[in-house]
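Each remark here refers to the structure printed beneath this line.
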Amino acid sequence: IKKSERTIERIRLELIKNILQKKGRYKTQLDMIYYILKKTKTLKLSEIAEGFKVEKTMAEKWMNILVEHGLAEVKYPSFGEPILKWKMKK
């Protein structure tokens, strides 16, 4: 990974952590993931797992719940990890 990519990943993780510290009106972890996703437009599986301090299997379950409810979609790149993408409401 290039140095610039690591810097971007670090900044995104800091953003996630800052949002998590200011929970506010978001009652569940899924609410918070959706809010973060709405702000960032994409989230990697590892960002969710690391940001929420959960196993990747749990993060993937949360991703699937958002997909099942039509709030997001998951992209599976040829290389790398799954990416959750915000799905704009029509």
Side-chain angles (χ1 to χ4, degrees):
I1 299 177
K2 296 177 187 175
K3 186 177 179 181
S4 61
E5 290 175 2
R6 283 194 303 262
T7 301
I8 291 169
E9 286 180 13
R10 191 170 55 248
I11 291 169
R12 286 174 57 85
L13 266 177
E14 281 302 312
L15 171 67
I16 292 167
K17 289 176 184 176
N18 287 338
I19 291 171
L20 288 173
Q21 288 175 353
K22 301 173 186 175
K23 291 179 185 175
R25 61 189 171 130
Y26 304 101
K27 306 225 181 330
T28 69
Q29 292 160 320
L30 280 172
D31 290 335
M32 288 186 277
I33 291 170
Y34 184 70
Y35 174 77
I36 294 166
L37 185 61
K38 198 171 174 182
K39 294 287 183 196
T40 62
K41 305 300 184 223
T42 62
L43 281 171
K44 292 181 183 178
L45 176 65
S46 62
E47 291 174 328
I48 296 170
E50 192 173 328
F52 286 85
K53 295 178 175 53
V54 297
E55 297 289 326
K56 286 185 177 180
T57 53
M58 178 56 79
E60 195 163 19
K61 285 179 185 178
W62 290 341
M63 290 171 76
N64 289 331
I65 289 170
L66 291 172
V67 169
E68 288 170 9
H69 289 274
L71 301 171
E73 55 189 34
V74 177
K75 296 293 180 187
Y76 295 93
S78 300
F79 297 97
E81 61 189 297
I83 299 170
L84 187 66
K85 290 188 156 198
W86 185 60
K87 192 173 180 181
M88 294 180 66
K89 293 182 180 179
K90 293 180 182 182

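- To the nearest 0.5 Å, the span separating CE on Met58 from NZ on Lys53 amounts to 16.0 Å.
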Below 3.5 Å, can you tabulate the donor-acceptor pairs from side chains in residues 66-81 to any protein atom, sequence neighbours excluded?
unit_1 : atom_1 : unit_2 : atom_2 : d
Glu81  : OE1    : Leu45  : N      : 3.4
Glu81  : OE1    : Ser46  : N      : 2.6
Glu81  : OE1    : Ser46  : OG     : 2.9
Glu81  : OE2    : Ser46  : OG     : 3.0

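- Applying the side chain to side chain donor-acceptor pair (under 3.5 Å) criterion to Thr40, with sequence neighbours excluded, gives no partner residue.
- For the atom pair NZ (Lys85) and CG (Leu37), the distance works out to 10.5 Å, reported to the nearest 0.5 Å.
- Using cut-offs of 30° and 60° for the angle between ring planes, the Phe52 and Trp62 rings count as perpendicular.
- Neither Ile83 nor Tyr35 shares a network with the other; the hydrophobic side chains, linked directly or stepwise wherever heavy atoms of I, L, V, M, F, W or Y lie under 4.5 Å apart, form separate groups for each.
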Apply side chain to side chain contact (heavy atoms under 4.5 Å, CB included) to the pair Thr42 and Leu84, showing each step before the final yes or no.
CA-CA 5 Å; Thr42 62; Leu84 187 66; over 6 Å; no

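- Taking the ring centre of Trp86 as origin, the terminal cationic atom of Lys41 falls inside the region bounded by 6.0 Å and 45° from the ring axis.
- Looking at residues two or more places apart in sequence or on another chain, you find no salt bridge (Lys or Arg N to Asp or Glu O under 4.0 Å) involving Glu50.
- Between atom CG of residue Leu30 and atom CE of residue Met63 there is a gap of 12.0 Å, rounded to the nearest 0.5 Å.
- The distance from atom OH of Tyr34 to atom NZ of Lys39, rounded to the nearest 0.5 Å, is 11.5 Å.
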